[in-house]
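For the numbers below, each heavy atom of this structure counts, side chains included, while hydrogens, waters and symmetry mates do not. Whatever order the structure lists them in is the order used to number ligands and atoms, beginning at 1.
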Amino acid sequence: MQTSRSFYIETYGCQMNMADTEIVLSIMHGAGFIRTETLSSADIVLINTCAVRDNAEQRITGRLGDFNHYKKTNPNVIVGVIGCMAERVRKELMELGDFIDLVIGPDEYRKLPVLIEAADGGEKGIAVKLSRVEKYDDIIPFRTDGLSAWISIMRGCDKFCAYCVVPFTRGRERSRSLASIVSEVEDLSHRGFKEATLLGQNVNSYSDGTFNFADLLVKVADVDKKMRIRFMTSHPQDMSDKLIDTIASRNNICNYIHLPVQSGSDRILELMNRTYTRNQYLNLINRIKKVIPNISLTTDVISGFPTETEDDHKKTLDLLHEVEFDGAYTFKYSPRENTKAWQMGDDVPEDIKNRRLGEIIDLQRNISLRRNKTMIGDTVEVLVEGLSKKSVNEFCGRTNTNKMVVFPKNGDAIGDYIGIRIERVNSATLFGTKTGHSLPQFAILTT
Ligand code: SAM
Ligand code: SF4
């Protein structure tokens with residue numbers, strides 16, 4: 001096999017894709033390829049894709065145009081589309097033009113070196129079989145040393161929400177063994193990482209046959225009590241009392257839950273196949289708030305799902321009022337072929353979807369601001385992550401509850417835990433200065 005050739009990779013989409021790219025890096029390095037950060041020096045160009053919404057696919061298709069252009073002046077370059085879009089629109093990709101050499105779905109990354117070799121010989125490589133067993137358990141993701149790591153603990157999804165393409169692009173749910181995840185966290189701890197985020201489409205349903213997600217959280221948190229443990233995404237149906245108690249039981253399991261609700265209307269929730277009602281969701285939120293009073297909650301909301309009426313939309317706004325999330329990721333419904341909702345059409349006009357989305361965003365921004373204002377005067381513990389976006393004289397870092405904090409540099413180093421007294425806020429960021437006294441590890445003090 002030809003070695004020492006360089007490859008360039010771009011990643012689109014969610015954290016799961018970022019984690020997958022680290023697996024791909026490991027496979028490519030193992031086969032002797034060397035990563036380059038610039039397209040213009042690449043022998044192999046890979047794009048790890050997202051298929052969740054049409055706008056993601058359109059951006060990727062646009063970028064493929066640039067790769068086509070690059071290949072015209074460098075005809076020996078191999079171009080590969082990998083990940084969810086490769087799985088979903090394999091045929092269309094191949095028809096996009098002769099410049100695409102490889103189309104490889106999320107469960108077939110191990111074939112990359114072999115298919116690159118075949119592509120060198122002029123063959124097109126398609127590998128898009130979904131697996132019930134592939135977990136890449138034996139592959140250590142390639143990570144450069146740093147503060148935070150993503151750890152993929154499971155793959156696929158069995159929930160089949162009516163709007164969602166993930167079960168079709170990533171296949172059925174399967175969990176890695178607890179032992180392999182714990183050993184990855186041990187390795188991160190030895191290398192000085194300060195934070196690990198456990199990833200899955202629905203981490204709450206993690207099961208390796210013996211252990212559930214609460215068991216896993218305890219084991220992972222106990223590896224290094226100074227390492228923050230985060231996790232996402234949670235599905236309301238599988239958020240057990242045991243899991244809530246477990247989050248509360250360890251200081252280093254962060255007080256932050258991303259709990260997508262999608263809609264506040266029971267009628268829409270049922271059509272979405274979300275398997276809970278508005279009341280069940282609200283009861284769950286109340287249980288969480290009772291057991292973990294400091295909890296920070298974020299959610300996902302879709303606006304303009306088929307048949308959504310003004311009344312359904314108002315119910316979503318009401319729910320946002322009632323829960324008072326710390327933040328929300330908001331999306332316009334995007335029809336996806338093969339999903340159940342695809343057959344329902346896309347009957348909410350674009351201007352109405354836009355207006356509803358705008359109302360959701362405005363409301364949530366006000367709620368986030370109100371929530372953040374309650375923190376003025378508090379002293380919070382921050383993990384120093386790096387320079388702030390706006391000034392070389394400022395650092396930024398996050399609280400245990402995942403809030404971004406910006407503060408003047410004051411002799412601290414990246415990776416330090418420091419106490420910051422919050423002085424002003426906006427809806428997305430807290431601003432403050434370092435307190436004189438040191439904080440007990442992972443405390444949130446209200447002064
Ligand atoms: N597994 C997670 C969950 O249960 O919510 C999230 C997975 S999905 C990649 C992230 C978010 O994208 C979803 O929570 C949903 O709000 C949004 N989403 C998924 N399919 C969508 C679609 N067809 N149109 C608009 N938004 C969508
Ligand atoms: Fe998609 Fe629903 Fe699975 Fe999340 S839980 S990945 S929204 S099918």
Side-chain angles (χ1 to χ4, degrees), residues 11-20 48-58 83-85 87-89 106 130 150 152-175 197-206 213 231-239 257-265 268-276 281 284 297-308 316 319-320 325 327-348 350 353-354 356-357 360-361 364:
T11 309
Y12 292 75
C14 63
Q15 289 83 2
M16 294 288 296
N17 267 11
M18 312 287 169
D20 273 8
N48 190 358
T49 57
C50 170
V52 167
R53 282 169 292 276
D54 185 53
N55 54 7
E57 288 194 353
Q58 288 197 13
C84 291
M85 205 174 151
E87 193 66 49
R88 197 185 88 76
V89 285
L130 289 172
W150 306 109
S152 183
I153 62 165
M154 56 207 291
R155 300 185 71 80
C157 183
D158 282 351
K159 284 282 185 271
F160 288 92
C161 299
Y163 50 80
C164 185
V165 81
V166 169
F168 304 95
T169 59
R170 289 189 157 268
R172 303 308 295 264
E173 184 181 292
R174 63 222 105 111
S175 301
T197 304
L198 310 182
L199 292 178
Q201 295 300 343
N202 173 16
V203 286
N204 304 168
S205 69
Y206 170 89
F213 186 56
F231 55 90
M232 66 187 299
T233 295
S234 295
H235 190 293
Q237 185 196 321
D238 302 312
M239 192 90 205
I257 304 176
H258 180 60
L259 196 64
V261 65
Q262 314 297 0
S263 169
S265 154
I268 295 292
L269 286 172
E270 193 173 347
L271 287 174
M272 285 178 163
N273 192 27
R274 282 297 285 183
T275 68
Y276 52 83
Y281 185 89
L284 173 60
L297 294 161
T298 58
T299 198
D300 288 347
V301 179
I302 297 177
S303 100
F305 185 79
T307 78
E308 186 189 71
T316 298
L319 182 130
L320 296 182
F325 291 104
Y329 299 86
T330 52
F331 309 101
K332 250 190 312 182
Y333 171 67
S334 170
R336 306 277 73 197
E337 222 170 334
N338 288 328
T339 60
K340 210 165 157 215
W342 174 260
Q343 291 142 32
M344 299 172 67
D346 184 17
D347 62 351
V348 179
E350 197 62 13
K353 271 190 199 169
N354 280 332
R356 289 181 188 163
L357 186 69
I360 292 168
I361 291 170
Q364 183 54 50

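The nearest protein atom to atom 7 (S) of ligand 2, hydrogens excluded, is given as Tyr163 OH, 3.4 Å; this is a heavy-atom distance. When hydrogens are left out, the protein atom nearest atom 9 (C) of ligand 1 is Val52 CG2, 3.6 Å; that is the closest non-hydrogen contact. Taking atom 7 (C) of ligand 1 as the reference point, the nearest protein heavy-atom neighbour is Gln201 OE1, 3.3 Å. For atom 25 (C) of ligand 1, the nearest protein heavy atom (residue, atom name, distance) is Lys332 O, 3.3 Å.
Looking at Thr197, its side chain never comes within 3.5 Å of a backbone N or O of Phe231 through a donor-acceptor pair. The backbone N or O of Val261 lies less than 3.5 Å from a partner atom in the side chain of Thr299, making a donor-acceptor pair.
The aromatic rings of Tyr276 and Tyr281 sit tilted relative to each other, their planes meeting at an angle between 30° and 60°.
At a heavy-atom distance under 4.0 Å, only side-chain atoms of Gln262, from C-beta outward, approach ligand 1. The proximity of Ile302 to ligand 1, defined as any non-hydrogen pair under 4.0 Å, is limited to the side chain. Contacts between Tyr163 and ligand 1, counted as non-hydrogen atom pairs separated by less than 4.0 Å, involve both the backbone and the side chain. With a 4.0 Å cut-off on non-hydrogen atoms, Arg274 touches ligand 1 through its side chain and not its backbone.
Counting the atoms of ligand 1 from 1 in the order shown, those under 4.0 Å from a heavy atom of Thr233 are 2 (C), 3 (C). Contact atoms of ligand 1 toward Arg336: 23 (N) (distance under 4.0 Å to a heavy atom of the residue). Ligand-side atoms of ligand 1 in range of Tyr333: 24 (N), 25 (C), range being under 4.0 angstrom from any heavy atom.
Partner Asn202 forms a side-chain hydrogen bond (donor to acceptor under 3.5 Å, both in side chains) with one of Thr233, Asp238, Asp158 and no other, that one being Asp238. Checked against Tyr163 for a side chain to side chain contact (heavy atoms under 4.5 Å, CB included), the options Arg53, Arg274, Arg336 give a single hit: Arg274. The side chain to side chain contact (heavy atoms under 4.5 Å, CB included) test with Gln201 is passed by exactly one of Cys164, Cys157, Cys161, Pro167: Cys157.
Looking at Met272, Arg170, Met232, Arg53, it is Arg53 that brings a heavy atom closest to atom 18 (N) of ligand 1. Comparing heavy-atom distances from atom 14 (O) of ligand 1 across Asp300, Asn17, Asn204 singles out Asp300 as nearest. Selection from Cys84, Ser334, Pro335, Ala341 by nearest heavy atom to atom 22 (C) of ligand 1 gives Ser334.
Electrostatic pairing of Glu308 and Lys353 does not count as a salt bridge here, judged by no charged N lying under 4.0 Å from a carboxylate O.
In this structure, Met16 has no heavy atom closer than 4.0 Å to ligand 1.
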### Task
Show your working on salt bridge (charged side-chain N to carboxylate O under 4.0 Å, His left out) between Asp20 and Arg155 and close with a plain yes or no.
CA-CA 10 Å; Asp20 273 8; Arg155 300 185 71 80; 2.9 Å; yes
### Task
Report the C-alpha separation of His258 and Asp300 in whole Å, then their side-chain angles, then the decisive distance to 0.1 Å, and conclude whether the side chain to side chain contact (heavy atoms under 4.5 Å, CB included) test is met.
CA-CA 8 Å; His258 180 60; Asp300 288 347; 2.9 Å; yes
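Nearby protein atoms of type N, O or S around atom 2 (Fe) of ligand 2 amount to 1 (distance under 2.8 Å).
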